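Quick note: residue numbers are just sequence positions, from 1. Everything numeric in this text was worked out from a predicted model, so none of it was measured.
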Amino acid sequence: MSFKAAAVQMCTGVDPVKNAAAMARLVREAAGQGATYVQTPEMTGMLQRDRTAARAALADEAHDIIVKTGSQLARDLGIHMHVGSTAIALADGKIANRGFLFGPDGRILNRYDKIHMFDVDLDNGESWRESAAYTAGSEARVLSLPFAEMGFAICYDVRFPALFRAQAVAGAEVMTVPAAFTKQTGEAHWEILLRARAIENGVFVIAAAQAGRHEDGRETFGHSMIVDPWGTVLASAGATGEAVIVAEIDPSAVKAAHDKIPNLRNGREFSVEKVAGAIAGGVAA
């Protein structure tokens, strides 16, 4: 059964209330174009580099405005609403980078906490240490929905193919990668990584992104994208500003890709041995 999916591109600011209103406007636009599954980017609720200010604006899951708004949108529009992620205050003082999928009745069907923390030093001087503030997730899940089997990832997770392969082996047909990719890394790797994850697993990839210059000074890459199991880009957005992209997703294309290139079935266990110099017993030609 095919369905229409949308990726909502945002330029999230520092005020969760304003960001919730922007999310609602864009999600309604996507639903108006016929989308029954709508995804927003990583950190839909707030992008704020000032950690003191960020913590002051945080709420727990029960009181978070993005969670409440996402649930209400799903119910009002009768859609599967995927908040790519938002920052959630945890009882231990740390933060979860947590995604939520809401069903058409507004109930939470799935939570996913970003597993891989973005701890990097880029050559343009940018330095990020997500692990200093965020608690990493430890559980991946494939969710059975009426229209597809869906797997979950967030941003930096896309650089870890084992996560995607495990979910594909478990039956995922659609992989989701909401993100806030930096401009530098996005220019180098964003499209390549998304298409690679789609091709090597024979799945659809839906990636809603943050885009442009944000209130806190950071710059994100944009180019939200929907990719099919053969690696074809079905829809994409620009480099800056808000956007809604929509594509028809036919899960039967996943089986077709697997029939052509059955690499999930053909995979084999193997060992790795590190050796120094020539292999013992080898004879020079």
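Residue M1 is grouped with residue L143 when hydrophobic side chains (ILVMFWY) are merged at heavy-atom distances under 4.5 angstrom, including chains of intermediate members. Note: the hydrophobic cluster containing Y156 does not contain V205 (ILVMFWY, side chain heavy atoms under 4.5 Å, direct or indirect links). Both V17 and I88 belong to a common hydrophobic cluster when Ile, Leu, Val, Met, Phe, Trp and Tyr are linked at side-chain heavy-atom distances under 4.5 angstrom. Under the 4.5 Å side-chain heavy-atom criterion for grouping Ile, Leu, Val, Met, Phe, Trp and Tyr, V177 is not connected to V246 through any hydrophobic cluster. In this structure, F204 is not a member of the same hydrophobic cluster as L264, with clusters built from ILVMFWY side-chain heavy atoms closer than 4.5 Å.
Residues passing the salt bridge (Lys or Arg N to Asp or Glu O under 4.0 Å) test with E200, sequence neighbours excluded: R197. For T36, the side-chain contact (heavy atoms from CB on, under 4.5 Å) partners are F3, not counting sequence neighbours. With sequence neighbours excluded, the residues forming a salt bridge (Lys or Arg N to Asp or Glu O under 4.0 Å) with R141 are E139, listed by chain and number. Listed by chain and number, the residues in a salt bridge (Lys or Arg N to Asp or Glu O under 4.0 Å) with D76 are R28 (sequence neighbours excluded). With sequence neighbours excluded, the residues forming a side-chain contact (heavy atoms from CB on, under 4.5 Å) with A87 are M43, L58, I95, Y134, listed by chain and number. For E187, the salt bridge (Lys or Arg N to Asp or Glu O under 4.0 Å) test picks out K183, with sequence neighbours left out.
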* Start with the C-alpha distance between L145 and L109, add both sets of side-chain angles, then the distance that settles side-chain contact (heavy atoms from CB on, under 4.5 Å), and finish with yes or no. => CA-CA 9 Å; L145 295 169; L109 301 181; 4.0 Å; yes

* Derivation and outcome, side-chain contact (heavy atoms from CB on, under 4.5 Å), residues V38 and V8 -> CA-CA 7 Å; V38 182; V8 166; 3.6 Å; yes

* Begin from the C-alpha positions of R49 and R218 and carry the test side-chain contact (heavy atoms from CB on, under 4.5 Å) through to its verdict. => CA-CA 8 Å; R49 297 190 72 168; R218 82 183 72 198; 3.3 Å; yes

* **Worked check of side-chain contact (heavy atoms from CB on, under 4.5 Å) between I66 and M23** => CA-CA 9 Å; I66 296 296; M23 176 183 76; 4.2 Å; yes

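The shortest distance between side-chain heavy atoms of T86 and D64 falls below 4.5 Å. In this structure the side chain of E191 never reaches within 4.5 angstrom of the side chain of H223, judged on heavy atoms. Contact annotation: the side chain of T176 never approaches that of Y112 to less than 4.5 Å [non-hydrogen atoms, C-beta and beyond]. A heavy-atom distance below 4.5 Å is not found between the side chains of E173 and M150. Annotation: side chain of V174 is in contact with side chain of I249 (closest heavy-atom distance under 4.5 Å). At a threshold of 4.5 Å between non-hydrogen side-chain atoms, the residues L73 and F102 do not count as touching. Contact annotation: the side chain of T40 approaches that of V27 to within less than 4.5 Å [non-hydrogen atoms, C-beta and beyond]. The closest side-chain heavy-atom distance from L26 to M10 is below 4.5 Å.
Contacts classified as salt bridge (charged side-chain N to carboxylate O under 4.0 Å, His left out) and involving residues 107-118 (residues at least two apart or in different chains) are given here: E42-K114, E61-R111, R98-D113, D105-R107, K114-E130. Residue pairs meeting the salt bridge (charged side-chain N to carboxylate O under 4.0 Å, His left out) criterion with at least one partner in residues 144-168, sequence neighbours excluded, do not occur; the list is empty. Within the structure, the salt bridge (charged side-chain N to carboxylate O under 4.0 Å, His left out) test picks out the following pairs touching residues 201-213 (sequence neighbours left out): R213-E219.
The two residues A180 and C155 have their closest heavy-atom pair at N-SG, 3.5 Å. Among all heavy-atom pairs drawn from A7 and I226, the shortest one is N-CD1, 4.4 Å. Minimum interatomic distance between G231 and I199 (heavy atoms only, all atoms of both residues): CA-CG1, 3.5 Å. Scanning both residues, V83 and G70, for their nearest heavy atoms gives CG2-CA, 4.3 Å. Considering all non-hydrogen atoms of both residues, G212 and C11 come closest at C-SG, 4.3 Å. Considering every non-hydrogen atom in both I154 and G99, the closest pair reads CD1-N, 4.1 Å.
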Would you be so kind as to tabulate the donor-acceptor pairs closer than 3.5 Å made by side chains of residues 232-245, with sequence neighbours excluded?
unit_1: E242; atom_1: OE1; unit_2: R25; atom_2: NH1; d: 2.9
unit_1: E242; atom_1: OE1; unit_2: R25; atom_2: NH2; d: 3.2
unit_1: E242; atom_1: OE2; unit_2: R25; atom_2: NH2; d: 3.0

With a 3.5 Å cut-off and sequence neighbours excluded, list the donor-acceptor pairs that the side chains of residues 266-275 form with protein atoms.
unit_1: N266; atom_1: ND2; unit_2: P262; atom_2: O; d: 3.4

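Checked by atom type and distance alone, the side chain of N19 pairs as donor or acceptor with a backbone atom of G13 at under 3.5 Å. A side-chain donor-acceptor contact under 3.5 Å links Q39 to the backbone of I206. No donor-acceptor distance shorter than 3.5 angstrom exists from the side chain of N201 to the backbone of V203, with no hydrogens or angles considered. Looking only at distances, no side-chain donor or acceptor of T12 sits under 3.5 Å from a matching main-chain atom of M46. Distance alone, capped at 3.5 Å, is enough to place a donor-acceptor pair between the T44 side chain and the P41 backbone.
The closest side-chain donor-acceptor pair between N97 and S85 falls under 3.5 angstrom. The closest side-chain donor-acceptor pair between T220 and Q210, if any, does not fall under 3.5 angstrom.
Residue W230 shares its hydrophobic cluster (ILVMFWY side chains chained together at separations under 4.5 Å) with I261.
Note: F181 CZ to W190 CH2 = 6.0 Å, rounded to the nearest 0.5 Å. Considering CG of D228 and CZ of R195, their distance stands at 9.0 Å, rounded to 0.5 Å.
Within the 6.0 Å centre-distance limit, the rings of H80 and F147 are counted as a close aromatic pair. Ring pair H82/F152: centre-to-centre distance below 6.0 Å. Residues F164 and F160 place their aromatic rings such that the two centres sit no closer than 6.0 Å.
Counting heavy atoms of neighbouring residues, nucleotides and ligands inside a 6.0 Å radius, atom NZ of K94 exceeds 12 of them. Within 6.0 Å of NZ in K260 there are more than 12 heavy atoms belonging to other residues, nucleotides or ligands.
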